[in-house]
Amino acid sequence: METKQQQLSDRINNLETSATLAMAAKARELKEAGKDIIGLSLGEPDFNTPDFIKEAAIKAINDNYNSYTPVDGYAELKDAVITKFKRDNKLTYDRSQIVVSTGAKQSLYNVAMVCLNAGDEVILPCPYWVSYSDIVKLADGVPVEVPTTIDSDFKMTADQLEAAITPKTKMLWYSSPCNPSGSIYSKEELRALADVLQKHPQIVVVSDEIYEHINYVGDHFSMAQFDDMYERTVTVNGVSKAFAMTGWRIGYIGGPKYIARACNKLQGQVTSGANCIAQRAVITALEAPISEIQFMVDQFKERRKLILGLLADIPGFECNEPEGAFYVFPNIEHYIGKTLKGQTIKDASDFSMFLLEHANVATVTGDAFGGPNCIRLSYAASQEDIKNAMSRIKEAVS
Ligand code: PMP
Ligand code: GLU
């Protein structure tokens, strides 16, 4: 390590770079250098933020919303979040249970920082969203990975949860719909996990529901809807995905008062609260009927069908059928240990790099998600890009 780097904290030297953002940056760099790269690495809707939301932001600027906001969010925004939780999730919260942050990513970071002491264990069913394990580590927690396979649709069973719990287990984190597998936990599956958790009252659950509306099968159930889980579940959500607002950076939690109060305290020392204009725009977004964003979900559904059909035609890509989100997470074990175009593929990272170099398609290695034999492809891309990317991949691996 360079001397200068040694002067940095162990905390940052031990932190992994976000694999999703790193691959997106690499793809951007190659594109700028003139390479014809198709980016299927970043989980970002390729739609523009709907006009009615943009107009609300412009109005907020003209109405002189320019001062610090309450640290945990405008009261009107919290009310919109409360109404959303009631409407979509049948969850009842009051203002003291809501904290608005700079993206769901910061919401997750806040929760980790306020709940974990050094050595506390956090159960992460694999595959999990890329930043979970590093956020946990930043808070001095210990990620405990629970592997799952395509046979259980990448979902953790109650027995697996029970086996992973130790006296040090403090939290369970998962996303449903899941990034990267697209799997959705049914009410029954969540109940089975909740039954295990009843025996371990010290465990707090983080239920990341940011893909809630990008659901192709219909039902979304929140862990906090069970009366016996309500007091120990933090429900995380945000507007990045459903409203095509990734850059606006607004996420939020609903949860137990003591956790919300602690997140508010932390945020007061770290950011002073989320951006005022974005917060005003999100009030309008959340108050709109869900039908306003259905056109995006319909298009994602078409693209899912397209990409699954095309992948089925490429040897060695074994997929589950994602029920939500906009990713496929094929198992590509078939290629590990093989030599393609003179290059030996040691692992999924090599395979993902191979696709970047030889197919000009950016994907993300499954390693980053705790799914070492898989890669993730985002289908939040045009049908044309999806078709071209799949034909390039097919050609490169043939
Ligand atoms: N959770 C999951 C599962 C995600 O995929 C993402 C990526 N956007 C986030 C949280 C963070 O979202 P944001 O910070 O953009 O609100
Ligand atoms: N959540 C998206 C993804 O998984 C965006 C990138 C990020 O926030 O890490 O690709």
Side-chain angles (χ1 to χ4, degrees), residues 8-9 11-12 15-18 20-21 43-44 49 53 56-57 60-61 63-82 84-85 93-117 122 129-141 171 173 175 204 206 208-210 234-286:
L8 295 174
S9 66
R11 186 183 306 114
I12 199 68
L15 186 73
E16 296 288 337
T17 301
S18 160
T20 44
L21 300 184
E44 168 157 75
T49 304
I53 303 175
I61 294 174
D63 288 350
N64 294 313
Y65 280 97
N66 36 27
S67 311
Y68 286 125
T69 77
V71 169
D72 49 357
Y74 284 120
E76 296 94 317
L77 176 51
K78 286 186 174 191
D79 287 347
V81 169
I82 289 167
K84 174 253 151 339
F85 273 131
Y93 293 114
D94 64 37
R95 285 183 187 169
S96 69
Q97 295 177 279
I98 307 294
V99 180
V100 175
S101 301
T102 303
K105 204 177 239 180
Q106 196 209 350
S107 303
L108 290 161
Y109 177 77
N110 284 348
V111 174
M113 289 298 283
V114 307
C115 289
L116 298 175
N117 279 319
V122 178
W129 180 48
V130 63
S131 291
Y132 288 177
S133 73
D134 282 284
I135 289 177
V136 166
K137 286 188 210 156
L138 269 180
D140 290 333
M171 305 185 92
W173 286 29
S175 60
V204 170
V206 166
D208 180 346
E209 304 181 12
I210 198 163
V234 180
T235 307
V236 176
N237 212 321
V239 291
S240 284
K241 312 295 166 171
F243 295 94
M245 294 180 77
T246 49
W248 297 68
R249 311 304 306 126
I250 299 287
Y252 53 87
I253 60 161
K257 284 190 178 110
Y258 75 99
I259 293 181
R261 205 180 307 124
C263 290
N264 186 8
K265 181 172 161 190
L266 175 67
Q267 199 159 281
Q269 293 287 20
V270 179
T271 66
S272 304
N275 174 283
C276 60
I277 304 303
Q279 286 194 48
R280 298 312 302 182
V282 170
I283 298 174
T284 300
L286 293 180

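Along the sequence shown, residues are numbered consecutively beginning with 1. Source: prediction; values computed, not measured.
Lys84 has its side chain within reach of Asn237: a pair of non-hydrogen atoms, C-beta onward, lies under 4.5 Å apart. A 4.5 Å side-chain heavy-atom check between Tyr132 and Asp208 finds at least one atom pair inside the cut-off. Within the 4.5 Å cutoff, the side chain of Asp94 has heavy atoms near those of the Lys257 side chain.
For Ala56, the side-chain contact (heavy atoms from CB on, under 4.5 Å) partners at least two apart in sequence or on another chain are Thr284. Every residue was checked against the side chain to side chain donor-acceptor pair (under 3.5 Å) condition with Asn275, not counting sequence neighbours, and none meets it.
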Discussion item. Asp72 vs Arg95, test: salt bridge (Lys or Arg N to Asp or Glu O under 4.0 Å). Steps then yes/no.
Written reply: CA-CA 10 Å; Asp72 49 357; Arg95 285 183 187 169; over 6 Å; no
Worksheet item: Between Met171 and Val111, is a side chain to side chain contact (heavy atoms under 4.5 Å, CB included) present by the stated rule, with each step listed?
Response: CA-CA 10 Å; Met171 305 185 92; Val111 174; 3.7 Å; yes
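Atom CD of residue Gln97 and atom NZ of residue Lys78 lie 10.0 Å apart, to the nearest 0.5 angstrom. How far CG of Asp134 is from OH of Tyr109: 12.0 Å, rounded to the nearest 0.5 Å. Note that the CD1 atom of Ile82 and the CG atom of Asp79 stand 5.0 Å from one another [nearest 0.5 Å]. Between the OG1 atom in Thr246 and the CD atom in Glu44 there is a gap of 3.5 Å [rounded to 0.5 Å]. Rounded to the nearest 0.5 angstrom, Gln106 CD and Met113 CE are separated by 11.0 Å.
For the residue pair Gln279 and Gly73, the shortest heavy atom distance occurs at OE1-CA, 3.3 Å. Across all their heavy atoms, Thr20 and Ser18 have their closest contact at OG1-OG, 3.0 Å. When all heavy atoms of Ala274 and Thr102 are compared, the pair lying nearest together is CA-OG1, 3.8 Å. Shortest non-hydrogen contact noted between Ala278 and Trp248 is CB-O, 3.5 Å. Minimum heavy-atom separation, Ala112 to Ile135: CB-CG2, 3.8 Å. Shortest non-hydrogen contact noted between Gln267 and Gly273 is NE2-CA, 4.0 Å.
Annotation: Tyr93 is not in aromatic contact with Tyr252 [ring centroid separation under 6.0 Å not met].
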